[in-house]
Amino acid sequence: LVIDTILIKVAGSCNLDCNYCYVYHGQDSGHKTLSSIMSKETISKVVDNLLELAETQNTGFAIVLHGGEPLLLGFEKLKFLISSLREKLDRDKYPISIQTNGILITNELLDMLYEFQTDLSISLDGSKNINDIGRVDKNGESSYNDVMKSINILDNHQYSKFLFSGTLSVIQPNTDPSEVYKFFKDIKAPTISFLLQDGNYDSLPKYKSDFFSTEYGKWIIGLINEYINDENPIPIKFLDNILTLAMGGESQKEGSGTTKFGIAVIETDGEIRKNDTLRTTFDGADFYKKRPTVFNTSLKDFVNSTEFIEANSEQTELPEECKNCEVANICGGGMLLTRYSSENGFNNPSIYCNDHKLYINHILDIVKNYND
Amino acid sequence: MVKVSNSAVLKRIKAEVKAELKSLDCNKYDRTHNRHNR
């Protein structure tokens, strides 16, 4: 199994308290006991493990710094981590990126990130009224002005074209998708992507009334129409992925398509975990049995273990009910976390099944009518 | 109303899919590559 993405959770804490956060508002209680930031000792072991993995795997892998809020790691430790990786790993084969709320961005930080060829994706849901629905601080106050100040610093940096890779938003289905798309065009985001809100059969996603409802599917159709008709569009990564699949190409993202790939997650304390998004299902859902860490286990050996391969295959194995579905090769059964019920485990269609069908069929119609 | 015939998005994706199928390269690593959905 080719390791495609390594997610390093360099900070276990966050300077915001977004109400939909899968780390702090999911089913998992682990965040209460985790170290707030990764220690230098753990960083060194993570680096050793990744360099060893790079030596044994021919294809490259993406390295994503995540949290919590990864910039809470602090300038010096961050520099130590990415400079140690960049010493041996080139930027084309091993892209390093940081998924951040952006609040701690400074010019000094951007200079350092550019030096070690590390880019930033900013979490932002839209204009102030839309962003304020979910993205608030620990006092429930808006984070919008702070993030926009940071985006301004990023935009004005001499290497912003490299440093600013795009934005990542959580869909608020009670908003106007055209307004959201236009907002990101106005702030000149180089790429944008969207996430469905987390949820499953035991705990429905916010604003979704039941399994059959299509609040999110309708919102996505609104976005698709805006996007397809735009003469000068900014790439919407998750839609590009679905369009690529609809035109016969390969998926580049988990939660769509049937391509097999491996994702390894390293926690702030150095524990190697399953996909961290599973934390939205039940407490301990992302634990491997022996609770391996970078201190007692070699990542290059662990990724070849049966347990790792089985855990990663779960995403691309279709639930029984999906096997005869005509769009299953595109939705890929949806994100694993959205298939969960305490009754059947992960052997259910995604809770978003009807949303997926609605917008995928819309995309298939568009592709069918497109003759170039 | 969706006007698909001149869509810039569809034109780009179609060209990318053609290039991908030609190169048989399923491991595209553009610098924003990241399969993890977060």
Side-chain angles (χ1 to χ4, degrees), chain A residues 2 4-5 7 22 59-62 64 66 91-95 97 99 117 119 121 162 165-166 168 190-191 195 224-225 227-233 235-240 243-244 247-255 259 261 263 265 275-277 335 362 365-367 369-372, chain B:
Chain A
V2 172
D4 181 275
T5 303
L7 195 83
Y22 73 110
T59 44
F61 47 82
V64 184
H66 217 273
R91 79 171 226 190
D92 292 330
K93 207 170 165 188
Y94 303 95
S97 62
Q99 183 62 47
Q117 297 290 287
D119 63 37
S121 168
F162 171 82
S165 70
L168 180 62
T191 68
L195 299 170
I224 291 167
N225 293 348
Y227 188 40
I228 298 288
N229 285 325
D230 189 352
E231 288 175 7
N232 191 18
I236 304 179
K237 299 197 79 174
F238 98 99
L239 287 182
D240 286 357
L243 283 160
T244 298
M247 288 184 177
E250 285 273 347
S251 165
Q252 294 293 319
K253 208 76 186 163
E254 67 170 335
T259 310
F261 55 85
I263 294 177
V265 176
N275 198 314
D276 59 335
T277 60
M335 284 288 286
H362 185 66
D365 278 346
I366 287 171
V367 168
N369 290 320
Y370 176 65
N371 296 303
D372 178 44
Chain B
M1 183 67 186
V2 184
K3 291 170 271 175
V4 296
S5 56
N6 293 317
S7 170
V9 171
L10 295 173
K11 197 172 178 179
R12 173 173 58 81
I13 302 281
K14 190 158 188 179
E16 284 174 8
V17 170
K18 266 188 192 168
E20 178 191 316
L21 293 176
K22 212 172 162 184
S23 72
L24 294 173
D25 180 8
C26 300
N27 288 304
K28 285 193 300 191
Y29 282 87
D30 71 21
R31 69 180 184 82
T32 59
H33 178 91
N34 166 17
R35 262 186 218 276
H36 184 266
N37 198 7
R38 278 294 183 279

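Hydrogens, waters and symmetry mates are skipped; everything else that's a heavy atom, side chains included, is used. Naming: A, B, ... by sequence-line order, numbering from 1 per chain.
The contact between A:L195 and chain B is made entirely by side chain atoms (from C-beta outward), counting heavy-atom distances below 4.5 Å. Contact of A:P190 with chain B is not made at all, since no heavy-atom distance falls under 4.5 Å. If you measure heavy-atom distances from A:F261 to chain B, the contacts under 4.5 Å come from the side chain alone. Contacts between A:Y22 and chain B at a heavy-atom distance below 4.5 Å involve the side chain alone, from C-beta outward.
Ranked by heavy-atom pairs shorter than 4.5 Å toward chain B, the options A:I263, A:L243, A:D240 are led by A:D240. Comparing A:L168, A:I236, A:L7 by heavy-atom pairs within less than 4.5 Å of chain B, the highest count is held by A:L7. Comparing A:N232, A:V367, A:D276 by how many heavy-atom pairs each has under 4.5 Å with chain B, the most go to A:D276. Counting heavy-atom pairs closer than 4.5 Å to chain B, the top residue among A:E231, A:Q117, A:M335 is A:M335.
Contact detail for A:N369 and B:V4: the closest heavy-atom pair is O-CG2, 3.3 Å. Smallest separation of non-hydrogen atoms from A:I228 and B:S7: O-OG, 3.0 Å. The two residues A:Y370 and B:K14 make their nearest non-hydrogen contact at CE2-CD, 3.9 Å.
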- Run the side-chain contact (heavy atoms from CB on, under 4.5 Å) check on A:D230 and B:V9 step by step: do they pass? CA-CA 8 Å; A:D230 189 352; B:V9 171; 5.9 Å; no

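With a 6.0 Å radius and a threshold of 12 heavy atoms from other residues, nucleotides or ligands, B:N6 has its CG atom at or below the threshold.
Side chains of A:P233 and B:R12 form no contact here, defined as non-hydrogen atoms less than 4.5 Å apart.
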